[in-house]
There are 2 protein chains.
Amino acid sequence: MKSKGIFDDPYRRGRLLSADCPSRQILRHVTSRWGLLVLIVLRTGTHRFSALRDQIEGVSERMLAQTLQALESDGFVSRVSLPVVPPHVEYSLTPLGEEICDRVEGLADWIETNLPRLLQAQRQAAE
Amino acid sequence: MKSKGIFDDPYRRGRLLSADCPSRQILRHVTSRWGLLVLIVLRTGTHRFSALRDQIEGVSERMLAQTLQALESDGFVSRVSLPVVPPHVEYSLTPLGEEICDRVEGLADWIETNLPRLLQAQRQAAE
DNA sequence: CGGAATCCAAGATGATACTG
DNA sequence: CAGTATCATCTTGGATTCCG
C-alpha cells in the first residue's frame, strides 16, 4: 500500500505555469487593479476605509470593499471593526501582507522611478 | 514669459496614487493575467509564439497575441519576424524587460515558494 | 461611517473560423 | 506558423440607493 505523504502534493511549491496552480489566484488578488494600491497605502500604517478611498484616487467604494475582502481572505490584510456608532473600521497589513508588500512595492517603485525611461521606450516602440 | 522646463512635469517620477499617472497603465500591462507569465517565460530566453502558448497553460492565442503586443508597445518585449514561410516569429525581453522582470519574478517566486504558508493563512482567515 | 444590494456599462476572455 | 476577425460570455467596474 502506497503512503501518500506531503511530498506527493504537486503544490507544496507553486507552479504558476500550471493552469490550476493556486498561486495564480493569489497573484491575481495582489496584482489586481486596486489590490496593489491598497497594499502600498497600508504599508504606511493602519488606515480606515474612508482614508483608503481618499488616498487611492479613482477607486469606488464598491471595488475598495471588494478588494479589501479578497486581501483579507488571503490573509494579507487585517480588519478590525470597533463596535461604535458611527462605525469605525481599521485596516492594516498582517505580517504576511508586509512580506508580499515588499515585492509588490519593489515593482511599483521601479516603475515610478523609471517612468521617464519607460515613456521614452514607449515612444520608441511606437515607431 | 515663463519657461516650461522638464521639472514642471509632475510625472518625471510616477505617482501611482494619482488617477491619471501613466505608471498605472504600465503596471496593469505587466501585472495582467498573462503579461506576468509571459515575462517570466521570456526570462528563460527567446521563444516562438507557439512555444509561449504551450508553456503558459490556459492562455488562448488571442490573449497571448494581445498581451505580447502590449508588452512590445511598452518596450519590454522585442518581436523579430523572419520573412520565411511558414512564418517564424521570435519574442525576447529587451533590456528594459529584463529589469522589470526582476521585480515581477521576485513577486511570483515569493508566492510560489510560500504557497504552503499562504494556503494555510487562507484557511485561517476563513474561520 | 462602512458597507451591502442592485442595475448597468465597459472591458477582458474564450471558441471558432479564417488567412498570408 | 502566427496570427486576425467575429461573436458570445464572463468579469470588472461604477453609480446609485439603502441600511445598521
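Letters A, B, ... mirror the listed sequences (proteins, then strands); counts begin at 1. Excluded from the calculations below are hydrogen atoms, water molecules and symmetry mates; all remaining heavy atoms, backbone and side chain alike, are included.
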Original post:
Counting N and O atoms only, with roles assigned by atom type, does the side chain of A:Arg43 sit under 3.5 Å from a partner on the main chain of A:Gly97, one being a donor and the other an acceptor?
Top reply: no
Original post:
Between the two end axes of the helix from C:dC1-D:dG20 to C:dG20-D:dC1, each built from 5 base pairs, what angle do you get to the nearest 10°?
Top reply: 50°
Rounded off to whole Å, could you give me the [atom1]-to-[atom2] distance for the [X] and [N] pair?
X	N	atom1	atom2	result
A:Arg62	D:dT12	CZ	P	10 Å
B:Leu64	C:dA12	CG	P	16 Å
B:Trp34	D:dT11	CH2	P	14 Å
B:Arg33	D:dT12	CZ	C1'	13 Å
B:His88	D:dG3	NE2	C1'	15 Å
B:Glu61	D:dC1	CD	C1'	9 Å
B:Met63	D:dA5	CE	C1'	15 Å
A:Glu72	C:dG2	CD	C1'	13 Å

Subject >> Sugar-phosphate, base or nothing in reach of B:Pro86, heavy atoms under 4.0 Å >> reply: sugar-phosphate
So, does [X] get its side chain near the phosphate of [N], meaning an N or O under 4.0 Å from OP1 or OP2?
X	N	value
B:Arg53	D:dA2	no
B:Gln69	D:dT4	yes
A:Arg79	C:dG3	yes
B:Ser60	C:dA15	no
A:Gln66	D:dG14	no
A:Tyr91	C:dG3	yes

Subject >> Point-to-point distance, once rounded to the nearest 0.5 Å, from CG of B:Leu36 to CG of B:Leu107 >> reply: 6.5 Å
Original post:
Nearest to the side chain of A:Phe49 - D:dT4, D:dG13, C:dG3?
Top reply: C:dG3
Original post:
Closest to the B:Arg48 side chain: D:dC1, D:dG3, C:dG3?
Top reply: D:dC1
Student check: side-chain heavy atoms of [X] and [Y] closer than 4.5 Å:
X	Y	result
A:Arg53	A:Ser50	yes
B:Val80	B:Val89	no
A:Arg24	B:Glu57	yes

Subject >> Enclosure of A:Glu98 CD (heavy-atom neighbours >12, cutoff 6.0 Å) >> reply: yes
Subject >> Verdict with reasoning, B:Glu99 to A:Arg117, per salt bridge (charged side-chain N to carboxylate O under 4.0 Å, His left out) >> reply: CA-CA 12 Å; B:Glu99 283 188 54; A:Arg117 288 173 67 200; 2.8 Å; yes
